[in-house]
**Q** 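Got a structure here, written out as structure tokens. Questions coming.
What you are looking at is a predicted structure, and each value in this text was computed from that prediction instead of being measured.
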Amino acid sequence: MATITRVQLGQLGLEGKLETLNFSALPSLRVLNLSHNHLHGSITANISTLSKLTILDLSTNNLTGIIPSALGNLMRLKTLWLFENQISGSIPPSFGKLLNLNWLNISINFLVGSIPPEFGNLTKLQGLYLWRNNLIGSIPCPIGNLVNLREFDISDNQITGPIPHSIGNLTKLETFYLHDNSINGSIPPSLGSLKNLAYLYLNNNNLSGILPDKMANLTNLINLALFNNNLFGNLPADLAKGGLLQHLGLSQNNFQGPIPISLKNSTKLARVRLDGNQFTGDVSQSFGAHPHLFYIDLSNNKLSGNLSPSWGACPNLTSLKISSNRISGQIPREIVQLPKLQLLDISSNNLVGEIPKEFGKLSYIFNLNMSNNHLTGTIPQEFGDLSLLEALDLSSSSLRGQIPTWLKNCSKLQSLKLSNNKLSGVIPFQLGNLNLHEVLDLSDNLFTGKIPPQLGNLMMLQELNLSDNLFTGEIPPQLSKLTELQELNLSHNELVGHIPSSFQSMASLTLLDLSYNSLEGPVPKSHLFQTAPIQWFTHNKGLCGQVQGLPLCAQSQSTSTNDAKKQHKVIILIIVLVLGTLLIIFLISGIFTLRCYKRKRSTINDTREEFDGHFFSIWRVDHGKEEYKEIIRVTENFSEKYQIGTGASSIVYKASLSSGLTLAIKKIQEEEAQVNEQAFQNEIQALTEIRHRNIVRFYGFCSTNRFNFLAYEYMERGSLSATLRSEERAMELDWFKRVSIIQDIAQALSYLHHDCAPPIIHRDITSNNILLNEEYKACVSDFGISRLLKPNSSHWSLLAGTYGYMAPELAYIMRVTEKCDIYSFGIIALEVIHGTHPGDLLSNFSLSMLVKDTLDPRVLLHIVDQVITNQVLSVILVAMQCINDDPQARPTMQQVSQRLSSPKSLPASDIYSFQELTLDHLINIVQVHVDDQTHE
């Protein structure tokens with residue numbers, strides 16, 4: 001009879017409870033792997049009968065309850081993985097009996113209590129992972145006995161107290177993660193004894209005191225994160241003398257003195273954050289040639305000197321922030337030698353001279369801020385070549401001349417700030433053709449002429465400030481089309497005439513300043529105006545109305561009353577003459593319209609109601625009319641305060657219904673409803689025909705003469721794009737969540753391509769169209785330009801989609817296939833792994849590139865967690881296949897989904913050489929490993 005020594009059933013979708021297993025029937029078992037399944041219930045103490053067990057892996061299940069103390073009886077255990085479950089209670093002190101234990105991971109659970117001091121007995125331990133629990137108390141001093149420890153991670157808990165001096169005994173330690181706790185006290189000098197330390201994260205704690213000089217002994221440091229503490233004093237001059245430092249985060253402390261000269265010689269630096277301190281010294285002497293540097297933030301310090309031309313020796317720099325310092329001199333033209341620069345913020349300094357016209361060569365720049373300096377001259381016409389520019393801030397300088405009309409070429413511009421300069425002339429009407437979504441601030445200049453009515457075309461603008469100029473003429477009534485506007489300031493000009501009555505429809509306004517002009521006549525009668533402070537209207541010629549502090553418009557009211565009386569009789573006569581005719585016309589027209597509309601909507605196979613000119617449908621709801629009315633009521637007729645997102649032609653609102661259901665309402669604007677009717681129909685048709693857990697749930701739609709709206713499942717965390725852009729939210733998005741999100745997207749697209757008849761091509765897969773719920777489940781949304789892949793059709797198409805995600809073949813063959821979605825998926829997969837859109841990554845893409853350079857530096861990859869490391873590497877490999885320029889060489893989405901669900905395991909030796917792993921090497925070892933498994 002065969003003896004069973006290994007049971008490896010990971011990633012098989014198993015369900016059930018551990019207590020149903022008969023462990024006593026397996027007395028010779030040495031390996032038990034049930035990881036990545038759907039096991040629930042508690043961990044049974046009967047496992048302790050497996051006395052020969054050396055590896056126990058129950059990770060990534062749904063296990064609850066406490067950890068039984070009996071596990072401490074498994075004296076031969078070398079590896080114990082319990083991470084990513086829902087285990088509660090405290091860590092059993094009996095773990096201190098596991099004297100042969102090498103690896104212990106109980107992270108991502110709900111454990112409470114303190115770290116048992118008995119852990120000091122585990123002298124063979126190489127990896128200890130307790131991160132993301134609710135542990136309290138201090139780090140026990142006996143931890144210093146773990147002289148073989150290589151990985152120590154207790155981050156994201158509620159640990160207090162100081163770092164014990166005994167930590168200095170862990171001389172083999174390579175990674176030390178204490179971040180996101182409440183650890184206090186100073187950093188012990190004994191930490192300088194950890195000469196093998198490569199990754200040290202102490203950020204987001206309450207540490208104080210100075211940085212010990214012995215920290216300079218950490219010559220193998222690759223990442224050092226101390227940000228968001230209360231540390232002060234000078235940095236050790238030799239802090240980075242090892243030359244291996246890549247990521248340095250010291251922001252939001254009280255460090256002072258010069259930036260260590262050793263950083264200048266650290267050629268491997270990739271990301272540096274020193275912002276929010278008191279650093280002094282000459283910034284031009286602090287940095288040199290850094291070929292790998294892509295991000296640096298020195299803002300909010302006391303640095304002086306000139307902007308060094310040496311920044312041109314950092315060819316991979318994408319973000320350069322040096323705002324709020326004491327830097328002087330001119331802006332060096334050598335900055336244009338940064339071909340990948342995307343963000344440049346040199347605001348709030350003492351810079352002088354003209355803006356270099358060479359800045360027009362910064363073809364990747366999207367955010368440019370040079371405000372609050374002493375710049376002179378004009379705005380260079382070369383700025384018209386900045387086609388990717390989204391935000392431009394040149395406010396508070398001494399710029400002269402006019403606003404150049406070539407700004408119309410900056411089609412992606414969302415925010416333009418030119419306030420507090422000496423600009424003059426008229427505002428070019430071409431500004432109305434821009435895509436400004438955020439701010440247009442031209443205040444405190446010398447502009448003359450009339451306010452262009454074309455500014456009313458900036459439909460999504462949130463703030464418009466034209467104050468403190470010399471504008472004349474009347475306020476254009478077209479400004480009332482700015483339905484998203486929250487702040488409007490036209491004060492301190494020479495405007496005349498009335499306030500346009502159409503302004504009363506601007507429901508989103510929260511601030512309006514029309515003071516210091518020559519306006520007259522009645523103030524509009526909306527609630528906003530009637531409750532406005534008098535300061536909005538002071539120092540005008542003759543404004544009147546029901547605003548406290550303004551005179552009533554008595555003459556206007558009398559005239560209006562008389563006119564109404566005169567017209568009353570005429571109105572009655574007209575009604576009597578035409579009433580019968582109108583009644584007949586309405587009856588005939590209503591019947592005809594109803595039949596036509598029902599015929600038009602007949603392709604949508606669900607239940608609907610018609611009422612008051614509305615057509616409405618909600619699945620599994622019998623009374624659509626009541627649901628419609630409740631949506632209008634709970635959003636206060638689509639009030640701005642319920643708005644959660646905007647699009648090119650739509651606004652999304654949150655609607656919490658009395659049933660407990662929360663909806664996201666995508667409302668298509670009145671002026672866009674007819675133009676986008678086909679997209680509206682496409683989305684309804686697509687969403688009513690598909691059901692999948694990773695496709696946003698569709699509840700219904702409404703169509704009226706004024707607007708259309710669609711009702712969806714509300715996704716609490718918003719878009720994937722917004723999550724990745726947020727520094728804080730992106731750091732919460734660990735590798736497990738990122739891999740899960742990519743798997744979710746792959747499953748949704750596989751369903752659309754392979755399980756729908758006919759198949760559906762989304763055609764606009766972007767990170768903006770991927771939504772996340774509270775548990776980070778990803779759902780594909782926005783089917784407005786989707787297309788059904790009908791058989792025997794050529795699928796030729798107008799170019800549709802989003803730049804940066806569209807498959808390259810669409811540019812020249814204009815033929816839509818499912819391979820277009822697969823390319824977009826590959827881009828998103830890399831974006832999730834890389835942390836930003838991978839445009840810069842792809843522009844320098846080569847197989848000799850290190851794998852670690854494709855990873856988001858904001859998130860640590862625990863290389864000893866072989867499962868998640870395998871999954872991340874599999875994502876990179878699959879993404880590379882998906883973005884192949886040859887569409888036929890791309891895998892199908894079904895293949896992609898399968899490969900990501902069951903990634904090939906890599907040898908542990910290759911995982912541990914991760915720092916030197918290239919993409920080419922990764923491909924080779926995967927192929928070799930697959931071949932070996934095949935031969936076996």
Side-chain angles (χ1 to χ4, degrees), residues 227-228 249-259 272-287 295-311 314 317-336 338 341-356 359 362 365-380 383 386 389-400 413-423 438-445 463 465 467-468 727:
F227 56 88
N228 290 335
L250 306 180
S251 58
Q252 305 307 318
N253 280 285
N254 291 298
F255 290 120
Q256 59 191 43
I259 296 173
V272 177
R273 288 200 58 179
L274 305 180
D275 52 293
N277 283 285
Q278 306 289 325
F279 287 116
T280 56
D282 190 340
V283 69
S284 66
Q285 302 299 317
S286 301
F287 293 90
Y295 184 100
I296 185 163
D297 190 348
L298 306 176
S299 55
N300 291 290
N301 280 288
K302 297 179 180 179
L303 298 169
S304 58
N306 297 335
L307 279 179
S308 171
S310 64
W311 289 118
C314 303
L317 200 61
T318 60
S319 296
L320 176 58
K321 301 180 181 180
I322 322 182
S323 63
S324 300
N325 278 285
R326 300 170 179 176
I327 299 169
S328 57
Q330 297 187 342
I331 303 173
R333 287 172 170 78
E334 287 78 5
I335 286 182
V336 302
L338 302 174
L341 197 61
Q342 299 175 15
L343 186 153
L344 176 62
D345 187 353
I346 50 177
S347 61
S348 300
N349 280 288
N350 297 313
L351 297 169
V352 298
E354 298 186 356
I355 300 172
F359 271 30
L362 296 173
I365 198 86
F366 71 85
N367 190 323
L368 181 55
N369 190 345
M370 296 185 277
S371 62
N372 288 290
N373 280 290
H374 307 290
L375 302 176
T376 56
T378 60
I379 303 173
F383 275 21
L386 303 179
L389 193 63
E390 296 180 6
L392 176 61
D393 191 347
L394 303 177
S395 56
S396 298
S397 278
S398 298
L399 299 174
R400 298 179 180 272
L413 199 62
Q414 297 185 25
S415 175
L416 177 61
K417 299 179 181 180
L418 303 176
S419 63
N420 194 19
N421 279 289
K422 299 177 181 179
L423 300 171
E438 298 175 7
V439 179
L440 175 58
D441 189 351
L442 307 179
S443 61
D444 201 3
N445 278 288
E463 180 181 339
N465 192 341
S467 63
D468 288 279
E727 194 84 10

**Q** Is there side-chain contact between Asn349 and Arg326, with at least one heavy-atom pair below 4.5 Å?
**A** no
**Q** Apply the test side-chain contact (heavy atoms from CB on, under 4.5 Å) to residues Asp275 and Lys321: give CA-CA distance (whole Å), side-chain angles for both, the deciding distance (0.1 Å), then the verdict.
**A** CA-CA 9 Å; Asp275 52 293; Lys321 301 180 181 180; over 6 Å; no
**Q** Locate the shortest heavy-atom distance separating Pro380 from Pro356; write the atom from each residue and the value.
**A** CG-O, 4.3 Å
**Q** Does Asp297 have any side chain to side chain donor-acceptor pair (under 3.5 Å) partners at least two apart in sequence or in another chain, and if so, which?
**A** Ser299
**Q** Mind checking side-chain contact (heavy atoms from CB on, under 4.5 Å) for Asn465 and listing every partner two or more places apart, or none if nothing turns up?
**A** Asp441, Ser443, Ser467, Asn489
**Q** Let me confirm one number: the CG-CZ distance from Leu320 to Phe287, rounded to the nearest 0.5 Å.
**A** 10.0 Å
**Q** Ignoring hydrogens and angles, tell me if any N or O in the side chain of Asn325 forms a donor-acceptor pair with the backbone of Phe279 under 3.5 Å.
**A** no
**Q** Tell me, please, which residues at least two apart from Arg333 pass salt bridge (Lys or Arg N to Asp or Glu O under 4.0 Å).
**A** Glu358
**Q** Kindly write out the residues that satisfy side chain to side chain donor-acceptor pair (under 3.5 Å) with Asn369, not counting sequence neighbours, or none if the list is empty.
**A** Ser371
**Q** Measure the CG-CG distance between Asn420 and Leu399 for me, rounded to the nearest 0.5 Å.
**A** 10.5 Å
**Q** May I ask you to test the Asn373-Ile331 pair for a side-chain heavy-atom distance under 4.5 Å?
**A** no
**Q** Looking at Asn300 and Ser324, would you say the former's side chain and the latter's main chain have a donor-acceptor pair under 3.5 Å?
**A** no
**Q** At their closest point, which heavy atom of Phe359 faces which heavy atom of Pro332, and how far apart are they?
**A** CE1-O, 4.4 Å
**Q** Report the residues that fulfil side-chain contact (heavy atoms from CB on, under 4.5 Å) with Val283, sequence neighbours left out, ordered by chain and then residue number.
**A** Leu298, Leu303, Ile327
**Q** Quick check: closest heavy atoms across Asn301 and Gln278, and the distance to 0.1 Å?
**A** OD1-N, 3.2 Å
**Q** Return the minimal non-hydrogen interatomic distance between Asn445 and Leu442, and the atom names on each side.
**A** ND2-O, 3.1 Å
**Q** What's the shortest heavy-atom distance between Gln252 and Asn277, and which atoms?
**A** N-ND2, 4.0 Å
**Q** Got a second to check how far Leu341's CG is from Phe366's CZ, nearest 0.5 Å?
**A** 9.5 Å
**Q** Within the 4.5 Å heavy-atom criterion, are Ile379 and Ile355 side-chain neighbours or not?
**A** no
**Q** Test of understanding: with side chain to side chain donor-acceptor pair (under 3.5 Å), list the residues that count as partners of Ser286, not counting sequence neighbours.
**A** none
**Q** Taking C-beta and beyond as the side chain, do Leu386 and Leu392 meet within less than 4.5 Å on heavy atoms?
**A** no
**Q** Side-chain contact, heavy-atom cut-off 4.5 Å: Leu389 with Ile365?
**A** yes
**Q** Measuring from atom NZ of Lys422 to atom OG1 of Thr378, what distance do you get when rounded to the nearest 0.5 angstrom?
**A** 14.5 Å
**Q** Could you give the distance from CG (Asn367) to CG (Asp393), rounded to the nearest 0.5 Å?
**A** 8.5 Å
**Q** Going by side-chain contact (heavy atoms from CB on, under 4.5 Å), name the residues that satisfy it together with Thr376, two or more places apart in sequence or in a different chain.
**A** Glu354, Ser398
**Q** Taking only residues two or more places apart in sequence, or in another chain, which ones meet Asp282 in a side chain to side chain donor-acceptor pair (under 3.5 Å)?
**A** Ser284
**Q** Where is the tightest heavy-atom contact between Leu394 and Met370, given as atom of each residue plus distance?
**A** CD2-CE, 3.5 Å
**Q** Using side chain to side chain contact (heavy atoms under 4.5 Å, CB included) as the criterion, point out the one residue from Leu343, Leu338, Ile335 that pairs with Leu317.
**A** Leu338
**Q** Quick one: salt bridge (Lys or Arg N to Asp or Glu O under 4.0 Å) partners of Asp345, sequence neighbours excluded?
**A** none
**Q** Hey, what do you get for CG (Asn228) to OG (Ser251), rounding to the nearest 0.5 Å?
**A** 6.0 Å
**Q** Who passes side-chain contact (heavy atoms from CB on, under 4.5 Å) against Ser328, sequence neighbours left out?
**A** Asn306, Asn350
